[in-house]
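Naming convention: chains lettered A, B, ... in sequence-line order (proteins, then strands); numbering from 1 in each chain. Computed from heavy atoms alone, side chains included, the values below leave out hydrogens, waters and symmetry copies.
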Amino acid sequence: MSKATIPQGTRDFSAEVVRKRNYIIQTIKSVFELYGFEPLETPAMENLDTLLGKYSEEGDKLIFKILNNGLGDPKNIEKSRAAFENVLQGKNDRQLTERALKYDLTIPFARYVAMNHGQLTFPFKRYQVQPVWRADRPQKGRYREFYQCDADVVGSTSLVNEVEFALIYANVFQQLNIDVEIKINSRKILTALSELCHAKDKLTGITVAIDKLDKIGIEKVEGELLQRGLNPEQINIIKKYLGISGNNKEKIKQVEELLGHTESGKKGIEELEFMLNYSSDSGLQSLTIDFTLARGLNYYTGIIFEVKAQHVQMGSIGGGGRYDDLTGLFGVPDIPGVGISFGIDRIYDVMEELSLFPKEVHQGTQVLFFNLGDAESTKAFSLMHELRAKDISCELFHQQSKFDKQFKYAERKNISFAALIGSRELETNTCTVKDLRSGKQVSVKQSDLAETIRKMKPEG
RNA sequence: GUGGCUGUAGCUCAGCUGGUUAGAGCAUCAGAUUGUGGUUCUGAGGGUCGUGGGUUCGAGUCCCAUUAGCCACCCCA
């Protein structure tokens, strides 16, 4: 009856897309493992209380809430009605909803750490790749269901962790063949800036405005700062700060002059210098200090990261930073941490745009056996058994058809080889193997089939 | 949550200031071709023009409502 549809902002992923996405995800996961991180998965849904109030007022509105069951049960109906009245007034009511789809991976992780801090070995290093849901209105590159890909270390204040994350970024993007710039800054520098302006209370506002710089330009940032209650004198200081340029060394020198005399300024500079020293010792070249980097989220307290792809017009494809207190909201204080995130959808788009996916990524079945009759298929069946035992994926065309059809099927499934066993081959115990990309074909003994295919296999 | 744009064949889209039977390319199917695909040629099928209402002698075309998608803002990945 009704037309088949999927919910707004969600997507089906076809075979080719899944394979390409898996290629990205596998690369990232293997690098995480290489650096000693362990996987964690948490449920699709959390208790609503776990999520509410953890983001922002806006964030709360964007949480997908799950309706309780049994609301229409006669013995509940009065309560349900009362609860609904509450909801209409913008409140939440446990009677109506007490569970919600997770909104990000960080808060569920914090909940997990708070629940299990007695059992965990600290520093605890975990990575997590799972879908999250937001009731946002979808638009370009923005979905209601999307994957986040996070790694965090909690229970350690050592800056070595930050260096490791920079190395992880470099390692992953090098493997994916994406040219990137890894930008760093310290929130302590931004704190120092707000102190210098005598506007410590406006730190968040300053951060949010600066964060928009590369998107809206300096004039509009000024406008926003003005709107957020800063006077021209203060804005001047900020403009001076944003004007800092040169290479890493020159930038540090300039920022030192501007706010090296403040306590947090000094600390921030130390953090950045530590990272530069350590990472150059590890052979990492692409780290760039960017004082205009701010990051929207205001729980960051130390080093912050952002990764930008070169040669394409695209927002950041990764970001993260240090936070002081992950689990305090769940009653377990003093667990600091640092984490990063990969934007899988954007990485996918970048790789698609620059044609960076290896050709062999989209390959399922390697060999298609043509169906040329019953006796022929029976032979094909026993050969398939042998190939599969040797880890060569293969399938038999489902019915006897014209060559045309069978070839087209193979072509569409991106199958590399056609194996033909017809009456001639049956008599001579041979098999005709055709490489569908080059068009070359050979006749081989059936017993040599697996070996032949392995040799003809172009890559890997 | 606020604003803008768009809904015509499976897909991408034409369709003029309203006018007879709504088109093209690609895809599909059949044939040229009963052991050789990706090229070519011939033919065929496929549409209550998103849905509901209105204006009109007449609506794919104009108006209103509704719904879905896209894009932008807010915010964010």
My understanding is that a pair needs two contacts under 3.5 Å, Watson-Crick or G-U wobble. By that rule, which nucleotide pairs with [N]?
N      : result
U12(B) : A24(B)
G3(B)  : C71(B)
U33(B) : none

Whether Thr365(A) side chain and Val367(A) backbone form a donor-acceptor pair below 3.5 Å: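 Flag not set: sc Thr365(A) to bb Val367(A) has no pair under 3.5 Å.
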For a quick check, tell me whether the side chain of [X] and the base of [N] share a donor-acceptor pair closer than 3.5 Å.
X         : N      : answer
Lys434(A) : G37(B) : yes
Arg142(A) : C75(B) : yes
Gln441(A) : U36(B) : yes
Glu376(A) : G35(B) : no

Determine the Euclidean distance between corresponding [atom1] atoms of [M] and [N]; express it in Å to zero decimal places.
N      : M      : atom1 : answer
G52(B) : C57(B) : P     : 23 Å
A27(B) : G15(B) : P     : 24 Å
G45(B) : C63(B) : P     : 36 Å
C71(B) : G25(B) : C1'   : 27 Å
U8(B)  : C62(B) : P     : 15 Å
A59(B) : C16(B) : C1'   : 15 Å
C29(B) : C13(B) : C1'   : 23 Å
U61(B) : G19(B) : P     : 10 Å

NZ or CZ of Arg11(A) within 45° of Tyr143(A) ring axis and under 6.0 Å: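 The answer is yes, since Arg11(A) meets both limits relative to Tyr143(A).
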Row check, Tyr103(A) ring normal vs Arg134(A) NZ/CZ: under 6.0 Å, within 45°: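 Ring-cation test returns yes.
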Between [N] and [X], is there an OP1 or OP2 to side-chain N/O distance shorter than 4.0 Å?
X         : N      : answer
Arg144(A) : G69(B) : no
Lys402(A) : G31(B) : yes
Gln8(A)   : G69(B) : yes
Gln139(A) : A72(B) : yes
Lys212(A) : C75(B) : yes

Mutual orientation of the aromatic rings belonging to Tyr409(A) and Phe397(A) [parallel < 30°, tilted 30-60°, perpendicular > 60°]: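 Correct class here is perpendicular.
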Val361(A) and its side-chain contact (heavy atoms from CB on, under 4.5 Å) partner, picked from Arg19(A), Arg21(A), Glu16(A):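 In the set Arg19(A), Arg21(A), Glu16(A), the residue that makes a side-chain contact (heavy atoms from CB on, under 4.5 Å) with Val361(A) is Arg19(A).
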Closest to side chain of Arg412(A), choosing from U28(B), G35(B), G37(B):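 Among the listed nucleotides, the one closest to the side chain of Arg412(A) is U28(B).
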Selection from A72(B), G37(B), C75(B) that lies nearest to any side-chain heavy atom of Arg137(A):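 Shortest atom-to-atom distance from the side chain points to A72(B).
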Sugar-phosphate, base or nothing in reach of Gly439(A), heavy atoms under 4.0 Å: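 Gly439(A): base contact, heavy atoms under 4.0 Å.
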Sugar-phosphate only, base, or nothing, as touched by Glu425(A) at under 4.0 Å among non-hydrogen atoms: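 Answer is base: heavy atoms of Glu425(A) come under 4.0 Å of a base.
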Rounded distance in Å - CG (Asp136(A)) to P (G69(B)):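 Rounded to whole Å, this separation is 14 Å.
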Derivation of the ring-ring contact (aromatic ring centres under 6.0 Å, His included) call for Phe342(A) and Phe173(A): CA-CA 10 Å; Phe342(A) 285 85; Phe173(A) 288 118; 5.6 Å; yes
Aromatic-base stack, Phe403(A) on G37(B), cutoff 5.5 Å, angle under 30: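 Aromatic stack with G37(B) absent for Phe403(A).
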